[in-house]
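The structure appears below as structure tokens.
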Amino acid sequence: ASLHPGLVDVLVIGGGQAGLAAGFYLRRAGLDFAILDAQDQPGGAWRHAWPSLRLFSPAQYSSLPGRPMPATEGYPDATHVTDYLAAYEKRYELPVHRPVHVETVHRDTENLRVETDHGPWTARRVISATGTWWQPYLPHYPGQNAFRGRQLHTTGYHGPHAFHGQRVVVVGGGNSAAQIVADLSADPDIETFWATLRPPRLLPDHVDGRALFEIATRRRAAVLAGTADGGGVADLGDIVAVPPVRAARDRGHLHAHPMFDRLTTTGIAWPDGTRLDCDAIIWCTGFRPALRHLAPLRLREENGHIRISGTHADAEPRLHFIGYGDWTGPGSATLIGSGINARDAVDTIARELGGRPVHHRRP
Ligand code: FAD
């Protein structure tokens, strides 16, 4: 049966951190809205993280608008975030409907029509906040189908227990790869081999999420002021030295090897003919925005990008994007940054639909 066939001012697709932050501001704006989330429990992508994952900032730097994340000793784990998000949506009585999977979004004269596995919705504005976890990116290497061992993406990693007694190759030069290498290499029964395209660059120990946020804030101010972008955190390094990563480095376990160029039936091989047998390959090769539901709107340009101004699509100003990463706003794919991104989107929508402004802009 259809959950809500009527018209709402704003429909938010996705009930992770970004969708909830949008809900917070939509309440404040006094608009009529609903949040549709594909999962049957709160927490977004955080529900699927591996047990040893630690945030790269202390709790007080990982808060959504309004209610601060409760403090923890050390850096919070994913369960702490999931519990926080569950309490957050309850605290603000956010109208999250789950599990509701959005299949497609269509133009419908004045409004947008959203088709779901629980019937259609109609909305004057849509905010897409579906994250990236659901669209893992896997590069292509010859021999991938011939390899007889196990291959998984970051999204399929649930801890070292599945790899006891094995040799595991971890691919990728970012935070996920480094944290998974740290996790596996702490287990003496696992032989871990790390392969990266470029030598991995660990950020200095003092640069954690707090510092990253400050850099993102400066960058945002520079972008808003129209001055040259003063260079992002990418100039400093790629990997945050969270305590488990630091410990792996100090154990001498954080050595990366040049990337192989093909898979064999039993392992990996390099151009010079060197081979290494392994039991499993974990591809920590990143994510793409999960935007399949928007395909009917045909927003992608020839280069595959969707052009946006502020937070809305140039080719469909009734549609906003939040939380996907620098594409939608500096630092927007972090807990603290998603709040700023959500505020910007809701502020624009509130001004257009006659809601209360949620943000006092500089003149
Ligand atoms: P998600 O959490 O993915 O939520 C999107 C929700 O939308 C999900 O519930 C999903 O089921 C739902 N959805 C998707 N498609 C549909 C659909 N078609 N219909 C209905 N619902 C749909 N950030 C930090 O701030 N600090 C950190 O330390 C940190 N560490 C990270 C470590 C790793 C390994 C990763 C991968 C990310 C990390 N991040 C960190 C980044 C960021 O906080 C997360 O990526 C975050 O989960 C993004 O939130 P979101 O709300 O945009 O998306």
Side-chain angles (χ1 to χ4, degrees), residues 11-23 34-50 52-59 61-64 69 75-78 80-82 84-86 88-89 96-105 114-118 121 126-137 153-155 157 172 174-180 182-183 208-210 212-213 216 239-240 242 245 284-295 321-329 331-342:
L11 197 58
V12 181
I13 307 177
Q17 61 196 37
L20 299 190
I35 301 173
L36 308 182
D37 188 49
Q39 301 193 85
D40 59 4
Q41 300 284 329
W46 295 107
R47 299 186 60 223
H48 305 276
W50 54 93
S52 76
L53 184 138
R54 290 292 173 275
L55 294 198
F56 45 67
S57 329
Y61 282 85
S62 304
S63 295
L64 295 180
M69 181 183 281
Y75 290 33
D77 64 11
H80 190 70
V81 184
T82 309
Y84 169 66
L85 295 178
Y88 188 92
E89 66 177 63
V96 186
H97 299 255
R98 63 164 66 95
V100 177
H101 185 265
V102 170
E103 277 145 14
T104 46
V105 178
V114 175
E115 299 288 346
T116 82
D117 59 357
H118 286 71
W121 289 67
V126 166
I127 298 178
S128 191
T130 48
T132 58
W133 185 263
W134 326 93
Q135 190 75 49
Y137 171 73
H153 182 266
T154 312
T155 50
Y157 180 74
N175 285 295
S176 304
Q179 286 201 28
I180 289 176
D183 202 24
D208 64 0
R210 200 176 347 193
L212 295 179
F213 177 69
I239 296 164
V240 182
V242 287
V245 168
C284 302
T285 41
F287 303 86
R288 297 285 181 266
L291 299 177
R292 288 205 182 116
H293 54 293
L294 301 177
F321 297 90
I322 59 171
Y324 295 102
D326 284 350
W327 169 58
T328 53
S332 68
T334 63
L335 280 150
I336 200 162
S338 67
I340 296 165
N341 205 199

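Remember, it's 1-based here, ligands and their atoms both numbered in the order they're listed.
Using a 4.5 Å heavy-atom cutoff, the side chains of Y137 and R288 are in contact.
Closest protein heavy atom to atom 53 (O) of ligand 1: G131 CA, 3.3 Å. Counting only heavy atoms of the protein, atom 45 (O) of ligand 1 lies nearest to A333 O, 4.3 Å. Remark: minimum distance from atom 18 (N) of ligand 1 to any protein heavy atom is reached at V102 O, 3.0 Å. The single protein non-hydrogen atom nearest to atom 13 (N) of ligand 1 is T130 CG2, 4.0 Å, given as residue, atom name and distance.
Close to ligand 1: A129, with a non-hydrogen atom less than 4.0 angstrom away. Under the 4.0 angstrom criterion for non-hydrogen atoms, L53 is in contact with ligand 1. For the pair S62 and ligand 1, no heavy-atom separation below 4.0 Å is found.
Considering backbone and side-chain atoms together, Q17 places an N or O closer than 3.5 Å to an N or O of ligand 1. The N/O atoms of S57, backbone and side chain alike, include none that comes under 3.5 Å of an N/O atom in ligand 1. Note: no N/O pair closer than 3.5 Å links G19 and ligand 1 by distance alone. Residue A290 places no N or O, backbone or side chain, under 3.5 Å from any N or O of ligand 1. Of the N or O atoms in A45, one or more lie within a sub-3.5 Å distance of an N or O in ligand 1.
Among I322, V100, D37, I35, the residue whose heavy atom lies nearest to atom 9 (O) of ligand 1 is D37. The heavy atom nearest to atom 29 (C) of ligand 1, considering only F321, W50, W133, F56, is found in F56. Checking W134, F287, W46, Y157 against atom 10 (C) of ligand 1, the nearest heavy atom belongs to W134.
Taking the six-membered ring where the residue is Trp, W327 and F321 present tilted rings, their angle falling between 30° and 60°.
For the residue pair T116/H97, the side-chain donor-acceptor check at 3.5 Å is not satisfied.
At a 4.0 Å heavy-atom cut-off, ligand 1 does not touch A49 at all.
Near L55, the atoms of ligand 1 lying under 4.0 angstrom from a non-hydrogen atom of the residue are 27 (C), 28 (O).
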